There are 2 protein chains.
Amino acid sequence: MPAHSAALPTKERILGAAEELFARHGFEGASLRQLTAAAGVNLAAVNYHFGSKDRLIEEVFRRRLDQLNGRRMAALQRVAGQPETSVEDVLAAFIGPALELSHDGSGSLFMRVLARAFAEHDDTLRKFLSDNYGHVMRQFTAEFARLLPHLSKEELYWRVDLVTGALTHAMSGFGMIQRKSDVPEERHREETAAHLIRFAASGLKSP
Amino acid sequence: MPAHSAALPTKERILGAAEELFARHGFEGASLRQLTAAAGVNLAAVNYHFGSKDRLIEEVFRRRLDQLNGRRMAALQRVAGQPETSVEDVLAAFIGPALELSHDGSGSLFMRVLARAFAEHDDTLRKFLSDNYGHVMRQFTAEFARLLPHLSKEELYWRVDLVTGALTHAMSGFGMIQRKSDVPEERHREETAAHLIRFAASGLKSP
DNA sequence: CGAAGAATCAAACGATCGTTTGAGCATACG
DNA sequence: CGTATGCTCAAACGATCGTTTGATTCTTCG
């Protein structure tokens with residue numbers, strides 16, 4: 001059993017520093033020496049607690065995606081199959097949890113890590129993400145298919161993919177997603193969600 | 001003066017191999033040793049011809065972006081300011097040249113390199129891209145502003161940014177952009193452009 | 001031809017990478 | 001108390017990184 005450390009357990013400190021440095025410098029660009037120095041732990045701690053750098057990368061994803069996709073699925077279940085559900089409702093179920101994470105202090109960098117994962121065409125990482133979280137995208141796509149029955153399968157896949165790209169890009173912090181200092185946090189989140197949902201719904205429902 | 005080599009000049013061979021390996025493994029992930037081996041040139045050739053790895057990265061961008069943005073600007077000039085110009089026309093001027101490049105044998109990997117550049121928050125690279133090619137995005141945004149006068153500045157920036165994200169994502173090869181073997185190249189390009197333009201125009205014109 | 005310059009080459013530079021080792025410290029349990 | 005067990009630590013492992021050097025080859029031109 002681990003002794004209760006001063007501030008945070010070593011594993012959590014490593015995961016936090018890894019998230020920040022992976023977002024800033026990429027998976028190959030961030031070294032374990034920078035990482036462990038930032039976390040204030042010994043260099044060997046990574047291999048002791050995680051086995052390897054690759055396994056650490058997977059854990060960085062697992063920690064956030066388990067929560068993020070759990071909330072997405074829960075939100076989807078609340079509207080899926082209902083007769084009065086709109087495209088906007090489904091988009092809100094997809095976007096809302098991501099925005100909560102994105103504006104949640106320690107998790108705000110994870111969206112940038114996720115954007116990097118999309119840019120990586122590394123097969124191992126992509127297979128890990130597809131195996132563990134592919135079912136979420138499939139469920140959302142199925143619900144969109146129900147709400148947009150006039151779209152061919154190919155047309156639907158196209159549009160869902162374009163929506164994914166737009167949201168990933170926006171939420172990884174390139175856009176104007178930064179909150180102005182005179183706007184309250186929660187209100188800014190709602191306005192951001194409204195922007196994203198309006199744009200994506202328009203694209204999805206395009207004739 | 002360079003002697004005329006067997007196939008391609010050394011500089012071009014390096015640029016070609018760099019584009020492929022940067023797309024596949026990232027800027028830090030691709031080493032000069034892999035790169036020069038793939039190009040069939042000596043390791044020292046990179047520093048001899050380009051000065052450093054960072055300067056090589058810049059040249060990889062310059063070679064493609066000069067052509068890409070030149071064509072974009074030329075296409076934009078043909079429709080900008082005209083009274084009968086539509087949002088779709090401007091989008092076509094932006095997307096068409098990128099699709100030509102994306103489907104042009106040796107240039108097909110460059111869009112993936114560009115997607116990586118977006119994921120990199122490296123200040124040096126971003127400043128280079130902004131300084132050299134920022135005026136292109138500004139010109140297109142100005143034309144969108146003319147065609148969508150009811151949008152606030154903030155709203156317009158939001159939507160242009162979302163369009164950029166969607167297109168970068170799609171053209172870097174995550175979507176279904178791959179051509180089926182029974183569809184002719186040019187027809188597939190037109191259909192792809194039609195998909196992208198319809199989606200983006202819908203998002204931009206959203207009420 | 002012969003000198004000059006451009007280009008290529010093998011080899012090495014110091015720095016840094018991910019990973020491993022083995023000793024040392026702390027806590028837990030008989 | 002003594003001895004496992006979980007954890008941390010400094011140090012080192014071999015490999016690989018970007019870059020530099022100095023000699024060698026090739027090309028051009030007086």
Side-chain angles (χ1 to χ4, degrees), chain A residues 1-61 113 116-117 120 122-125 128, chain B residues 1-61 113 116-117 120 122-125 128:
Chain A
M1 291 295 182
H4 44 110
S5 300
L8 280 173
T10 298
K11 270 181 103 164
E12 292 299 322
R13 298 224 258 152
I14 292 174
L15 285 170
E19 191 168 69
E20 168 157 356
L21 288 174
F22 288 157
R24 221 185 291 283
H25 302 109
F27 304 113
E28 305 226 35
S31 76
L32 293 186
R33 282 172 177 81
Q34 296 170 355
L35 202 155
T36 50
V41 303
N42 188 269
L43 168 61
V46 170
N47 283 280
Y48 177 79
H49 286 285
F50 298 94
S52 70
K53 185 180 184 178
D54 284 335
R55 300 260 305 277
L56 168 61
I57 294 174
E58 291 189 0
E59 282 304 312
V60 168
F61 282 103
V113 179
R116 285 205 182 258
E120 301 276 343
D122 177 89
D123 287 335
T124 308
L125 181 55
F128 167 80
Chain B
M1 291 296 178
H4 44 108
S5 300
L8 280 172
T10 298
K11 269 182 105 162
E12 293 298 323
R13 297 223 260 152
I14 292 174
L15 285 170
E19 189 167 71
E20 169 157 355
L21 287 174
F22 288 157
R24 221 184 289 284
H25 302 110
F27 304 114
E28 305 226 38
S31 77
L32 293 186
R33 283 172 177 81
Q34 297 170 354
L35 202 155
T36 50
V41 304
N42 187 270
L43 168 62
V46 170
N47 283 282
Y48 177 80
H49 287 284
F50 297 94
S52 69
K53 186 180 182 178
D54 284 335
R55 301 260 306 277
L56 168 62
I57 294 175
E58 291 188 2
E59 281 305 311
V60 168
F61 282 103
V113 180
R116 284 202 183 261
E120 300 276 343
D122 176 270
D123 287 336
T124 307
L125 181 56
F128 167 80

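Because the structure is a prediction, the values reported are computed rather than measured. Heavy atoms only: backbone and side chains are in, while hydrogens, waters and symmetry mates are out.
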Inter-axis angle, terminal five-pair segments of the helix from C/dC1-D/dG30 to C/dG30-D/dC1 [nearest 10°]: 10°
d([atom1], [X]; [atom2], [N]) in whole Å:
| X | N | atom1 | atom2 | answer |
| --- | --- | --- | --- | --- |
| B/Leu43 | C/dC9 | CG | P | 11 Å |
| B/His25 | D/dT16 | NE2 | P | 15 Å |
| B/Arg33 | C/dC13 | CZ | C1' | 11 Å |
| A/Ile14 | C/dG18 | CD1 | P | 13 Å |
| B/Gln34 | C/dC17 | CD | C1' | 14 Å |
| A/Phe27 | C/dG18 | CZ | C1' | 17 Å |
| A/Leu21 | C/dC17 | CG | P | 12 Å |

Any residue of residues 47-58 of chain A with a heavy atom less than 4.0 Å from an atom of DNA chain D: A/Tyr48, A/His49
With a cut-off of less than 4.0 Å, is there a side-chain N or O of [X] near OP1 or OP2 of [N]?
| X | N | answer |
| --- | --- | --- |
| B/Asn42 | C/dA7 | no |
| A/Ser31 | C/dT16 | no |
| B/Thr10 | C/dT8 | yes |

Measuring from atom [atom1] of [X] to atom [atom2] of [Y], what distance do you get when rounded to the nearest 0.5 angstrom?
| X | Y | atom1 | atom2 | value |
| --- | --- | --- | --- | --- |
| B/Leu56 | B/Leu35 | CG | CG | 6.0 Å |
| A/Leu32 | A/Leu21 | CG | CG | 10.5 Å |
| B/His25 | A/Glu28 | NE2 | CD | 8.0 Å |

Sugar-phosphate only, base, or nothing, as touched by A/Ala44 at under 4.0 Å among non-hydrogen atoms: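 Base contact.
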Do [X] and [Y] have side-chain heavy atoms sitting under 4.5 Å apart?
| X | Y | value |
| --- | --- | --- |
| B/Arg116 | B/Phe27 | yes |
| A/Val46 | A/Val41 | no |
| B/Thr36 | B/Asn42 | no |
| A/Phe61 | A/Leu125 | yes |

B/Glu20 and B/Arg24 ion-paired at < 4.0 Å: yes
Evaluation steps, side chain to side chain contact (heavy atoms under 4.5 Å, CB included), between B/Leu15 and B/Phe50: CA-CA 10 Å; B/Leu15 285 170; B/Phe50 297 94; 3.9 Å; yes
